[in-house]
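Notes for the one structure printed next.
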Number of protein chains: 2
Amino acid sequence: MSAEARHQRLYSELRGRICLLDYPPGTKLGEESLASEFGVSRTPVRRVLARLADEGLVEARHGVGTLVTDVDARELGEVYALREELAQLSGTMTPRPVTQSVLDEARGLVAEGERLAEAPDARAFARLNMAYFDFTQRLIGNEALAEVSERLYFRTARIWLKTISALDLGREIEAFREEMRQVAGALASGDMTAVGMIRRAHISMSFHRLKAALPGSRPAN
Amino acid sequence: MSAEARHQRLYSELRGRICLLDYPPGTKLGEESLASEFGVSRTPVRRVLARLADEGLVEARHGVGTLVTDVDARELGEVYALREELAQLSGTMTPRPVTQSVLDEARGLVAEGERLAEAPDARAFARLNMAYFDFTQRLIGNEALAEVSERLYFRTARIWLKTISALDLGREIEAFREEMRQVAGALASGDMTAVGMIRRAHISMSFHRLKAALPGSRPAN
DNA sequence: CATCCCCAAGATGTGTACATCATGGGGCGT
DNA sequence: ACGCCCCATGATGTACACATCTTGGGGATG
């Protein structure tokens, strides 16, 4: 396997573990232990950790360790506010044409949502949410916008997952299914502007529900 | 000096050289030569080059070298289109309050623009443009938006500089001075929304002038 | 018994030798 | 003379030893 392919695998794997809370915020990611797990030396592991650090998912402290970062309420609000705007923009700025395979995939995601509703599970929810996000990414015609959107999504995904586990999971899943159904409908009529607006609305509503469960917003825990 | 501070110095230095065309697109950045120049080993140099590669400014090819990347017309257009939107958003999304020191700094930049007009120079123009960009960055209250804006600015700054050197430099400087004057005026009245609109308009106009000089848009060279 | 100091342990940061890879030029065959 | 093959060369990628730094705990001291 090529060096870049290994790097991507390692990166995706670690990013996934962080965002699925296998490594919750505060976890120490030992370079040596990761190196032995993946059968490589510390060097390529450090290359991946450096990238994760540049993206704000981990923080390397000399003499201490590389720790998964937390996200405070202010930063979370800023990222969500920007994601709202970008979601809307993704519907208006040179969207990709809606092909039949896109519609099929949208229906497939809605079907997955139905299965999820029958067996609610936070981790499965997170995975489907990522698959749906990846789907929306592929509708974006502007690569720079897609890159920025992805960066922001993964920056707060773990906090979202951590918080909805404390909320009513069933209600969150229902809201998510409603978003996917609405997006699928808008796609069927080829209205990408509406898709952007729908996504923006749901990001906004999701954040409003999130805020209620954030530390500091409730007097008692 | 701490390790992170050295990293930042090296990163800023190399990014500056790339964006000021000391290292034009296609230049090979030898890890060994950079290491000896800065008096360190290849390891911290590689750490910086990896970051620059993640940001798209260089591309490391195994067995060949680490080359400064070029930006094709499509990508340039996408980045500029997104920068337009973000400039407008920076005026509407929780801008920072306009203090007296901000107004002083704006006047200082306008004065620098006057000096530049008296002695036109592409490199001095690029430096002042960066200082002005940094100034606008500090008006943004949303850190995520600021981070994304910076990423996109530096992604195409070298192409902008390369192209305006072929255009009428005096006219470009005049347009730039006009933007700074308009922004200074809007700041004096505390209208951040207007600042965002002005910046968006000038990014748009700058790109339209840029397109005319891009390879492929003219039959003969 | 509380407190302070010191250092051992373990983590990331750095230096260096070696592995791997792409490329261009020289030499052999036709 | 032309073309193909091979490999010397020099670049990035990897492994490992060592340097540097933070932290927490043990022991001397008041």
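Only a predicted model underlies this, so the values are computations on that prediction, with no experimental measurement involved. Just so it is clear, the values below take in all heavy atoms, side chains as well, and ignore hydrogens, waters and symmetry mates. By convention in this document, chain letters (A, B, ...) are assigned in the order of the sequence lines, proteins followed by strands, and residues within each chain are numbered from 1.
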Judged by nearest nucleotide, the residue sitting upstream toward the 5' end of DNA chain D, Ala60(B) or Arg61(A), is Ala60(B)
Rounded to whole Å, CZ of Arg6(A) lies from P of dA19(C) at a distance of 15 Å
To the nearest angstrom, the CG-C1' distance between Leu34(A) and dG10(C) comes to 16 Å
Margin query: It should be established whether Thr66(A) places a side-chain nitrogen or oxygen under 4.0 Å from OP1 or OP2 of nucleotide dT12(C).
Written below: yes
In whole angstroms, the gap separating P of dT12(C) from CG of Leu49(A) amounts to 8 Å
Rounded to whole Å, the CG-P distance (Leu67(B) to dA11(D)) equals 12 Å
Tyr11(A) and Glu55(A): side chain donor to acceptor below 3.5 Å: yes
Glu31(B) atom CD is separated from dT16(C) atom P, nearest whole Å, by 15 Å
key: Donor-acceptor side-chain pairing of Arg158(B) and Thr163(B) below 3.5 angstrom   = no
Taking dA15(D), dG15(C), dT12(D) as options, the one with an atom nearest any side-chain atom of Val40(B) is dG15(C)
Of the candidates dG13(C), dA15(D), dT20(C), the side chain of His62(A) sits closest to dG13(C)
Taken to the nearest whole Å, CD/Glu32(A) to P/dG13(C) is 14 Å
Closest to the 5' end of DNA chain D, once Gly63(A) and Thr43(A) are matched to their nearest nucleotides, is Thr43(A)
In whole angstroms, the gap separating P of dT12(D) from CD of Glu59(B) amounts to 13 Å
Of dT23(D), dG13(C), dT14(D), the nucleotide closest to the side chain of Val64(A) is dT23(D)
When rounded to the nearest 0.5 Å, the distance separating CZ of Phe38(B) from CG of Leu14(B) is 5.0 Å
Picking from dA15(D), dC18(C), dT14(C), the nucleotide nearest the side-chain atoms of Arg42(B) would be dC18(C)
Carboxylate-amine/guanidinium contact Glu84(B) Arg199(B), below 4.0 Å: no
Practice problem: For residues Ser206(B) and Trp160(B), determine if any side-chain heavy atom of one lies less than 4.5 Å from a side-chain heavy atom of the other. | Solution: yes
Rounded to whole Å, CD of Glu4(B) lies from C1' of dG13(C) at a distance of 12 Å
